[in-house]
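Shown next, in structure tokens, is the structure this report addresses.
Naming: A, B, ... by sequence-line order, numbering from 1 per chain.
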Amino acid sequence: MNEQASQVPGYQAESPRGLFYRRFLRNKKTLIGSTLVLFFVFVAVFAPVLAPGSPFEINALAMFQAPSSQYFFGTDDLGRDVFSRAIFGARISLVTAFIVGLASGAVGILVGLPAAHYGGKFDLFVMRAVDVAVSFPWLLLALLIASIIGASLTTVIVALSIISAPGAIRVARGKALSVKEETYVIVATAIGESDSAIMFRYILPNCVGPILVQTTLTMSLSILGEAGISYLGFGTQPPTPSWGLMLADATDYLYSAPPTLVILPGLLLLLLVLGLNFLGDGLRDLLDPKFRKL
Amino acid sequence: MIKYIIVRLALVVPTVFLLSVIVFATIHLVPGDPITVMFGIEGYYPEEVERIKKFYNLDKPIYWQYFVWLKQMATLDFGNSIVRGEPILPLITTRFPRTIMLTLGSMLVAIAFSVPLAMMAAKRHNTVIDVFISGISLTFISMPTFLLAVLMIMVFGVYLDILPTTTHRFASGSTWDVIKGLIMPCLSAGLVTSAGITRMLRTELVDNLHKDYVLFARTKGASDNRALVFHNLRNAVIATATLVGLELGYLMSGVIIIEIVFSYPGMGQLLLDGVTRRDYPIIQITVLIFALTFVVINFITDLLYSVLDPRIRYE
């Protein structure tokens with residue numbers, strides 16, 4: 001079939017990359033997901049331009065204002081503009097997601113690939129440790145770290161990176177184990193390539209798919225994690241605008257505050273995480289043959 | 001079976017050991033020495049500091065301290081809370097059952113919602129109903145537990161005013177008050193958990209639809225529903241049980257946050273209070289108990305898993 005097609009004049013075999021991009025744009029999940037995520041990246045980058053007011057300016061005469069043309073989503077307990085704060089809040093969520101995703105991805109590759117490549121006792125030890133850590137209640141670890149180094153955004157990022165690393169290691173190792181058996185890796189070993197070349201030039205490029213999916217899902221979980229830890233007061237500290245913190249403030253005044261105080265940060269949080277989950281799900285559909293629907 | 005239990009128990013031991021070391025190490029990882037951290041005094045009264053150090057065995061080598069601490073934990077000698085100045089054991093015995101109640105209630109909600117929904121989606125897979133259930137599941141997965149809780153408080157507590165928004169009168173209220181107070185906390189933690197289970201169970205059920213044993217059941221005349229419940233579900237549950245173990249970690253984290261949202265007087269509140277006020281004995285014990293509970297429940301899940309699927313025992 002392929003041979004015949006290639007003889008048709010003007011036919012050009014599509015590169016794997018081209019195929020991926022075409023599928024990416026055709027898949028509803030990846031399209032919705034990436035649109036939502038790009039929207040939030042845009043909001044975070046241009047926050048100072050988009051926000052109508054300052055996210056920090058306190059106005060004691062304008063507490064708990066209902067939504068109006070001046071304050072689109074009302075004001076909070078200190079008279080600050082909720083809309084502006086929510087826009088700036090996108091920055092905290094995205095920065096957390098980005099750093100945690102990068103850190104856990106890097107750890108996954110740097111530990112998972114050698115574990116798969118060298119095998120033996122090292123592999124056994126790594127996998128035992130991962131087994132213990134992978135399902136441990138994330139909040140306990142975050143709180144332990146907060147009790148040691150104090151509450152801050154750094155605490156959140158460190159805690160979430162440690163928590164998501166085992167999952168990343170497991171995924172990278174699992175994929176590397178199957179790639180290891182491919183002919184090109186065996187050939188590379190036969191012609192005497194160094195261990196690091198085999199791991200990072202031959203195995204790694206073929207593990208990118210699952211690692212990317214895992215990283216996307218890690219990012220969505222870390223956004224939820226940041227919001228949760230900040231909600232409890234051990235993450236981002238006031239007056240920095242974080243969605244979790246805004247929700248915590250609103251919870252204290254549910255009887256007197258306008259409902260937009262909860263709805264706006266809650267909705268943005270939901271949409272960003274939903275976008276990342278859609279993107280992760282869609283990428284898995286595209287990259288994992290088991291899920292691929294052509 | 002007994003052999004399997006012993007093997008599984010042998011795997012639990014290193015986990016528990018590791019946990020205890022991590023928890024014990026916490027206080028020693030805190031910058032500054034424990035006396036300063038705990039009491040906020042720094043060498044003002046050298047003899048007094050020495051006396052306290054001796055009292056808490058801090059003048060002994062670290063591994064010795066660890067074993068003493070381990071022995072205290074094992075004999076339920078939890079000592080006193082530094083901030084509250086009261087013994088810790090009664091605090092734990094009143095609060096621990098409440099947290100277990102909340103966790104079990106949430107798990108019940110999760111299962112009660114996910115199993116029927118997953119079966120409905122699988123039965124009508126790739127129809128509007130399936131897509132709708134998948135959409136709802138993905139939305140709940142993307143939602144932090146506390147957001148759902150706050151939204152529920154807003155709707156049922158503040159606007160409709162039909163459910164209590166806090167559970168702080170837990171101890172004095174009647175049974176009905178307790179149940180009413182538990183509805184929203186269990187729903188908010190349970191629904192988020194149910195979303196993940198629904199998705200997994202639905203995928204398994206759909207995958208199994210064309211397996212031999214389901215087709216065989218259909219051939220011998222079992223109805224669609226009978227094949228789904230007795231032949232398909234039974235096998236799908238096995239694969240999903242692994243996920244339930246993982247979800248438990250998230251559920252527990254969710255329960256801790258939920259306790260704060262509803263001022264629920266459980267272990268989570270105790271832990272959070274401990275972290276806020278730097279009450280290290282409280283932190284150590286609550287974290288240890290949470291972690292141990294987690295290990296025990298996982299162990300039980302594992303055993304149930306092997307009862308459900310005899311193949312596992314023989315691997």
Side-chain angles (χ1 to χ4, degrees), chain A residues 29 128-129 131-151 163 167 217 220-221 223-229 231-234 243-244 247-248 250-251 254-257 259 261-263 265-267 269-278 281 290-291, chain B residues 11 14-15 18-19 22-23 25-27 29-31 134 138-139 141-151 153-155 157-159 165 199 203 245-257 260-261 268 271-272 274-276 278-280 283-284 286-287 290-291 293-295 298:
Chain A
K29 285 183 189 166
R128 267 287 91 77
D131 280 342
V132 174
V134 80
S135 56
F136 193 72
W138 58 272
L139 191 60
L140 284 188
L141 198 63
L143 289 176
L144 268 184
I145 294 175
S147 74
I148 296 168
I149 62 177
I163 293 155
L217 297 178
S220 82
L221 284 179
I223 289 174
L224 289 179
E226 187 275 326
I229 301 168
Y231 181 87
L232 295 177
F234 298 107
W243 292 335
L247 284 166
T251 312
L254 279 181
Y255 284 91
S256 45
L261 254 65
V262 173
I263 291 168
L267 189 69
L269 191 59
L270 181 67
L271 283 178
L272 177 53
V273 177
L274 200 61
L276 280 165
N277 280 341
F278 263 123
D281 261 22
K290 201 186 143 202
F291 291 94
Chain B
L11 285 174
T15 312
L18 204 67
L19 282 173
I22 292 172
V23 172
T26 317
I27 196 161
L29 283 172
V30 178
S134 299
L138 200 63
T139 310
I141 287 178
S142 309
M143 189 182 274
T145 325
F146 66 87
L147 177 58
L148 187 58
V150 173
L151 288 175
I153 292 180
M154 254 169 71
V155 175
V158 178
Y159 293 109
T165 54
R199 255 159 64 104
T203 311
L246 283 177
E247 287 283 338
L248 201 74
Y250 284 102
L251 180 64
M252 252 187 185
S253 305
V255 163
I256 295 175
I257 300 185
I260 301 304
V261 180
L271 168 61
L272 261 294
V275 177
T276 313
R278 305 218 152 210
D279 198 339
Y280 284 94
I283 299 176
Q284 285 186 323
T286 43
V287 169
F290 265 118
T293 313
F294 181 70
V295 170
N298 256 346

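For A/Leu274 against B/Ser142, the heavy-atom pair with the smallest separation is CD1-OG, 3.2 Å. For the residue pair A/Tyr255 and B/Gly157, the shortest heavy atom distance occurs at OH-O, 4.1 Å.
When heavy atoms are compared at a cutoff of 4.5 Å, A/Ile145 does not approach chain B at all. Contact of B/Ala149 with chain A is not made at all, since no heavy-atom distance falls under 4.5 Å. At a 4.5 Å heavy-atom cutoff, the contact between B/Ile260 and chain A is made by side-chain atoms alone. Contacts between B/Ile141 and chain A at a heavy-atom distance below 4.5 Å involve backbone atoms as well as side-chain atoms. Heavy-atom distances place both the backbone and the side chain of B/Met143 under 4.5 Å from chain A. For a residue to count as touching a neighbouring chain, one of its non-hydrogen atoms must lie under 4.5 Å from one of that chain's; by this rule B/Thr286 does not touch chain A. Proximity to chain B is limited to the side chain of A/Leu247, based on heavy atoms less than 4.5 angstrom apart. Looking at B/Thr276, the atoms closer than 4.5 Å to chain A (heavy atoms on both sides) sit in the backbone and in the side chain alike. Of the atoms belonging to B/Leu147, it is side-chain heavy atoms, and not backbone ones, that fall under 4.5 Å from chain A.
Between the CG atom of A/Leu267 and the CG atom of B/Leu151 there is a distance of 9.5 Å, given to the nearest 0.5 Å.
The candidate from A/Leu139, A/Ile223, A/Leu143 with the greatest count of non-hydrogen atom pairs under 4.5 Å with chain B is A/Leu139. Most heavy-atom pairs under 4.5 Å with chain B: of the set A/Leu276, A/Leu270, A/Leu272, this distinction falls to A/Leu270. Between chain B and the options A/Leu144, A/Thr251, A/Ile229, the largest number of non-hydrogen pairs under 4.5 Å is found for A/Leu144.
Between A/Tyr231 and B/Pro144, the closest side-chain pair of non-hydrogen atoms is not below 4.5 Å. Contact check for B/Leu138 versus A/Lys29: no side-chain heavy atoms found under the 4.5 Å cut-off. In this structure, the side chains of A/Leu232 and B/Val275 stay at 4.5 Å or more apart for every pair of heavy atoms.
For A/Ser220, the side-chain hydrogen bond (donor to acceptor under 3.5 Å, both in side chains) partners at least two apart in sequence or on another chain are A/Asn277. The side-chain hydrogen bond (donor to acceptor under 3.5 Å, both in side chains) test applied to B/Ser134 returns no partner, not counting sequence neighbours.
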